[in-house]
Structures are given as structure tokens and as C-alpha cells.
Amino acid sequence: MTTPERTSDKTGERARGRVTGETGETAPSGAAPPGRTVFADPDFRRLFAAAAASKLGTSIGHLAVPLAAVTALAATPGQLGVLAMLSTLAFLLVGLPAGAWVDRMRRRPVMVAADLVRAALLASVPLAWWLGTLTFAHLCAVVLICGFATVFFDIADQSYLPHLVAPDRLTAANTALVSMDAANQLAGRGIGGLLIQLLSAPVAILADALSYLWSAVCLRGITRAEPPIARGERTSLPREIGQGLRMVTGHPILRAIALEGALTNLAIQIVQTMLPLVFVRELGLSPVWLGVFLTAGGAGFLLGSAGAARLGRRFGESRLIWLSSVAIVPFAPLIPLLGTGPGLWLAGAGWMAVTYKVGVANVIKVSFRQRVTPGPLLGRVTATLRFMFTGALAIGAGAAGLIGEAAGTRAALWAGAAVLVVSFLPIMFSPLRTLRDLPGDEEGGRGTAPG
């Protein structure tokens, strides 16, 4: 969980002037003219529609896949941990080289291919269930291979956006996309719980498959030609991977963001992996209640992402990052209090506070990364951060399974809360603590890649 960042108005105008003036960059051909919303651009609308469809399906799938394992295959805590780990393991296995490979290819065809692969794989689950041949191994294979497709899609997606919108519109575009993601989480978890209750979890997975198919259709409809890939001197794959790693580890703000994001993802995944078991088996509640709980998280994510740009202008982007990171400390211990009475509402409030912080962080941090990263390095820097963020999800899922088997699901919830409590430390020991605003592109060196 994943995958996972403006200044005061006057400062923001100066930053935008630097991006579009001193670097010599201009709006992509056919993009919305200055002063108009990003939705005035028909190609951005197509990208938005593709993302909206796939994110809605993904929200349903995140609920339906583990519940299919629990209800149709009687999965144990350890098996749930394995399933969640396999869904993100690909980022640890190929996350870093995938960034270098994507930087050598046009992004949109990669995204379309990844969508089609995921649609076909997920459609096999309800088909196998209907034929009476669905097994835990089948489910594991589907989520593992889908994970590989997701690696390439996510890296290509975040590297493609700066080619589609002007640099000074990245925050607006990311706000729209992250807010949409949050709205889909809000609706998708509730819809998913209802579909599972009415039709069963395996059938609900079909909605996820169809969403990827629609996403591929929308992406194919984008008319703007993608800039040709620079055919400069090719270096070895390890050297290209190293360039992305050095950009992240050598930049004090990117490094802090990476560490804090990895800890947050680790904690959230530990909690999320155990939630189906806690709700369905320990508390005896229906999947609808799990959907309601996760919907509260989607509401927090939506509110955080929708208000991120405004809060960044009011408080300063840097200050907002560390204030929101510290603010969740008293809320995290509420999550393990999950129960059937007041504990349900306390845990829901704690979960909503955490997801609100994630929504704020996603907009501010992603926009900052896209501004400061040299264009030729976008894929590799995105891959490095995805390797850390989604790799943390894989580790968190495995840890949840181990803790759940050894000490119980409740102990796993407390472990996740403990990691959330300390996740702010990388931010507090970085330049972010002493800055009001995030530095502009001239500090990050956007436009040239390090050697």
C-alpha cells in the first residue's frame, strides 16, 4: 500500500516560472492552454478515465481476492500473508531493472499491455471457481503474475504523466488522479463488500478484470504522440539502475521521503493483511462491515488528497509533510482496539487519520519527485521508490502472516501500529523539518541525468 507532496502563492509562482522558464520546457503539444483546467485536455481526460476504471476495479479486487481465499478456500493467517506478499513480490524481484527497461521504451504501449495481461489473469479466477477447479495455488499464481504486470504499469504510468501535461500542471494533475483514486477506494470497498455479499468473492473479482480491459481501451484512445525515446549512448543495465538509486539516496529530501514511505507502507500492509480474518472470523462480522471500515479509510484518503494543494500553500509543502507525519502518532494505537462495539469506531477513526495523511503525502511527494527528477531518469527514480514502497508491502504481508500464526491476528495489528508510531523519524531527521517549502527544480537538477 502502496505506491506510493505547493508553496505560498508567491513562492509557487516563482517555482512555476523556474520550471517553465529557466529549464526551457513548454507545455506538451495539444495540452490545455494556460489558465484552463487540466480536464480541458482531451488526452488527460482519457488517461483519467482509464485510471478511474482500473482503480475502481482494483479497490474491489483488494477486498475480493483475500476474501475469496478466506471464504472459498478456507485460508489460514499464514496463507493470507503469502497471498498478500506474492501480490507485491514482483517489485522486489524486478522493480529496479524494470525502471531502466521502461526508460528505454514508450510508456503507453507498456501500460496497455500490462492492463490486458491483468484482465486475462483475473478473469481466470471466477471461471475456475465456476468450474470447481479454483485452488489456492491458482490464486497465488494470478496475484504473482499480476504483480509483475503492475510493476511495469505503475512505473510507466508515473513516468508518462509529465509527457502529457505541462510541468506547472503536475500538482493539479496529480491532485485530480490521487483524489479520484481516493474516491474509488471510498466507493470500491463498499461496492466490493456488497458484491461479495450478493454474488461471492470470486465473482466480484470479475469486476476487477473488466476494469483493466476498459483502462486499456481508454489508453489506446490517447491521440498525442509520445516523445521519441532518446537514443544516446547505452550503458550497462546495472549502471542505469545505479543512476536511479544514486538520485534517490543522494538527495536528502527524496531519501527521507523514501524511508518514511516504506515504513508507512510496511505498517499499513501488516494491518490490512489481517483485517479480513479479524472481521470475518474473530468478530463474526459480514464482509459488508469490512467494506465499510475500508471505506472510512478511503474517505480519509480522499479528503487528504483533495486538500493537499490548498494545505501546502497555506502551511508550506515541507512543513505539511512533517506535521502530517507526526500527527498520526496518537491515532495509530487506536487501530488494534478494533471490536464490535466502540472499538469499531475508535479503530475506524484511527484508520481514517492514517489514510488522510497518506492522501496528503501522495499528492505533495509525487509532484515534488516529478519536478526535481531529470526527465531521462523518471522511470528509474520511480522504480527505485516503488521498489522500496511496494517491497515494504511484500515484507509487511509476510511479517503479518508470521506474527498472525505465531501470536495471533491481534498481535499483528499492534505490530503494525507500532511501526506507524515511529514512521515519522526519517522526516524529523531530514531537511524537511527546518524548511517551510519544498525546493524547486533547480535544486533537484531536473533536465539532466547524473552520470
Side-chain angles (χ1 to χ4, degrees), residues 1-4 55 58-60 62-63 66-67 80 84 178-179 181-193 260-261 263-283 285-308 324-362 389 392-393 396-397 399-400 403-404 409-424:
M1 18 233 356
T2 74
T3 252
K55 293 294 185 180
T58 298
S59 293
I60 296 172
H62 280 168
L63 186 63
L67 281 175
L80 273 189
V178 175
S179 296
D181 186 11
N184 273 329
Q185 288 193 33
L186 185 64
R189 305 297 169 85
I191 294 172
E260 188 265 350
L263 286 173
T264 301
N265 279 8
L266 175 69
I268 287 176
Q269 186 72 338
I270 292 174
V271 172
Q272 285 191 145
T273 301
M274 291 295 103
L275 285 180
L277 284 173
V278 173
F279 270 87
V280 175
R281 289 190 186 166
E282 183 179 324
L283 302 180
L285 297 173
S286 74
V288 172
W289 280 105
L290 176 57
V292 169
F293 183 87
L294 294 176
T295 296
F301 191 60
L302 174 61
L303 292 171
S305 58
S324 61
S325 296
V326 173
I328 67 168
V329 171
F331 289 95
L334 298 178
I335 298 173
L337 300 179
L338 180 62
T340 55
L344 180 61
W345 301 103
L346 286 173
W351 186 247
M352 191 172 180
V354 171
T355 57
Y356 178 89
K357 175 260 179 187
V358 173
V360 169
N362 275 10
F389 294 161
L393 295 180
I403 297 170
T409 56
R410 192 67 57 169
L413 295 185
W414 280 109
V419 178
L420 277 173
V421 166
V422 301
S423 63
F424 73 95

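Remember, it's a predicted structure, so these values are computed and weren't measured experimentally.
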Chemist: Taking the ring of Phe293 and the ring of Phe279, is the distance between their centroids below 6.0 Å?
Modeler: yes
Chemist: Hey, are the side chains of Ile268 and Val358 touching, using non-hydrogen atoms and a 4.5 Å cut-off?
Modeler: yes
Chemist: Could you tell me which non-hydrogen atom of Gly416 sits nearest to which non-hydrogen atom of Val271, and how far apart they are?
Modeler: CA-CG2, 4.1 Å
Chemist: Any chance you could lay out the side chain to side chain contact (heavy atoms under 4.5 Å, CB included) test for Leu413 and Met274, step after step, and finish with the verdict?
Modeler: CA-CA 7 Å; Leu413 295 185; Met274 291 295 103; 4.3 Å; yes
Chemist: Taking C-beta and beyond as the side chain, do Tyr356 and Val360 meet within less than 4.5 Å on heavy atoms?
Modeler: yes
Chemist: At what distance, to the nearest 0.5 angstrom, does OG1 of Thr264 lie from NZ of Lys357?
Modeler: 3.5 Å
Chemist: Among residues at least two apart in sequence or on other chains, which ones pass side chain to side chain donor-acceptor pair (under 3.5 Å) with Arg281?
Modeler: none
Chemist: With rounding to the nearest 0.5 Å, note down the distance linking CG in Leu80 to OG1 in Thr273.
Modeler: 7.5 Å
Chemist: So Leu294 and Trp351, do their side chains get closer than 4.5 Å, heavy atoms only?
Modeler: yes
Chemist: Begin from the C-alpha positions of Leu285 and Val280 and carry the test side chain to side chain contact (heavy atoms under 4.5 Å, CB included) through to its verdict.
Modeler: CA-CA 5 Å; Leu285 297 173; Val280 175; over 6 Å; no
Chemist: Looking at Ser305 and Gly359, would you say the former's side chain and the latter's main chain have a donor-acceptor pair under 3.5 Å?
Modeler: no
Chemist: Checking the side chain of Asn265 only, and the main-chain atoms of Phe389 only, is there a donor and an acceptor separated by less than 3.5 Å?
Modeler: yes
Chemist: Under 6.0 Å from the CH2 atom of Trp414, do we count more than 12 heavy atoms belonging to anything else shown?
Modeler: yes
Chemist: Quick check for you: to the nearest 0.5 Å, what is the distance between Leu67 atom CG and His62 atom NE2?
Modeler: 13.0 Å
Chemist: Does the side chain of Glu282 reach to within under 4.5 Å of the side chain of Leu277, using non-hydrogen atoms?
Modeler: no
Chemist: Which donor-acceptor pairs under 3.5 Å do the side chains of residues 325-345 make with protein atoms, sequence neighbours left out?
Modeler:
unit_1: Ser325; atom_1: OG; unit_2: Glu260; atom_2: OE2; d: 3.4
unit_1: Ser325; atom_1: OG; unit_2: Ile321; atom_2: O; d: 2.8

